[in-house]
Amino acid sequence: MPAGRFAPSPTGALHLGNLRTALLAWLFARSAGSRFLLRMEDLDQVTASRAHEADQQRDLAALGLDWDGEVVRQSERFDRYEAAIRRLDQLGLTYPCYCSRREVREAAAAPHDGPVPDGAYPGTCRDLSARERRAREAAGRRPALRLRAEGVSVAFTDRLHGRAEGVVDDVVLRRNDGVPAYNLAVVVDDAAQGVAEVVRADDLLTSTPRQLHLARLLDLALPSHAHVPLVLEPSGARLAKRDGAVTLADRRRRGQDAAAVRSWLAASLGLAEPGEPVTPQNLVARFDPARLPREPWRLTADDLAPAETAP
Ligand code: GLU
Ligand code: ZN
């Protein structure tokens, strides 16, 4: 049976944007009769924690979202990511990159020729000689590993955005601290878990060409995509945890329980009247991807005022 999934990074409590994406991912899967999987993208063990993981699962359950099978943790699957990296290596499609973050930023900002997307890594280390590599190693630089993408362009059709296309840059496969990179792990896992449709926030739309390219190189089944609108703070910036009353715990302090948050999210998606109580099952019956809003949901200052000053 095909699957959908929600794949948060357990680096803090889920905020309204994450919760809305989770609700949508669940609705896409359940309305299609698919399994729904929960995957913890905890590759970075410095920022991820089991405590956040438990909080996130508790909050999803409080919204009435359920999932099938065991929760998968990326931190326990490094062998799979390394196997994929070996395969790309054998295809001659990897190279070590010695650039620091700053160097990548500066190089990406400089004008360059060729089909390189804005802000993308321009290939500084792509053609280093063995000697140049040795010099960098000798200077104590630990390399990241990058994909030789060769400027390929990948097109796909997104359920909400329609046809999209992007040039693939030389994406990082393994960071210079040895941790496999998000773009690789997500591709390996979605295929291994039988994910047929990837539903996630539309800030990741531009990562999709890279991920499809990696999946093709690795001979994996390609999922379809639905990139859903973001939730924005009143200024129009992407919602962040520091924005105030954005987690279920914050909302509860304002007197809004999980069921009320579910209604609020549903209303924001055109699936309920404002204030109407809804169950997840009601929402499945009403859900029609073609009628989802395509615009971000912008919160008001009043929505985000902390409990003490809330009206
Ligand atoms: N872990 C990513 C995030 O929390 C989502 C990745 C994905 O859905 O592909 O933003
Ligand atoms: Zn480099």
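Positions are given from 1, in the same order as the sequence printed here. Indexing begins at 1, ligand by ligand and atom by atom, following the structure's order.
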Taking the Zn ion (ligand 2) as the vertex, measure the angle between atom SG in C99 and atom SG in C125; round to 10°.
100°

With heavy-atom distances below 4.0 Å as the criterion, list the atoms of ligand 1 near E41.
1 (N), 2 (C), 5 (C), 6 (C)

Examine the proximity of ligand 1 to Y182 and report which part, side chain or backbone, both or neither, has a heavy atom under 4.0 Å away.
side chain

Is the shortest heavy-atom distance from the side chain of L24 to the side chain of F287 under 4.5 Å?
yes

Measuring to the Zn ion (ligand 2), does Y98 have an N/O/S atom at a distance below 2.8 Å?
no

Which ligand 1 atoms are under 4.0 Å away from a heavy-atom of R200?
7 (C), 8 (O), 9 (O)

N/O separation below 3.5 Å, A7 to ligand 1
yes

Between V154 and R216, is any pair of side-chain heavy atoms under 4.5 Å apart?
yes

Is it true that H225 and R159 share a donor-acceptor pair across their side chains at a distance under 3.5 Å?
no

Are a donor atom and an acceptor atom from the side chains of R146 and T124 found within less than 3.5 Å of each other?
no

Kindly compute the distance separating CG (L93) from NE2 (H213), expressed to the nearest 0.5 Å.
7.0 Å

Could you identify the single nearest non-hydrogen protein atom to atom 10 (O) of ligand 1 and state the distance to 0.1 Å?
L204 CD1, 4.2 Å

Do other residues, nucleotides or ligands put more than 12 heavy atoms under 6.0 Å from R238 CZ?
no

Among protein heavy atoms, which lies nearest atom 8 (O) of ligand 1, and at what distance?
R5 NH1, 2.6 Å

Steps toward side-chain hydrogen bond (donor to acceptor under 3.5 Å, both in side chains) verdict (D44, Y182):
CA-CA 9 Å; D44 190 334; Y182 156 71; over 6 Å; no

Which of the atoms of ligand 1 are close to V186, meaning less than 4.0 Å from one of its heavy atoms?
9 (O)

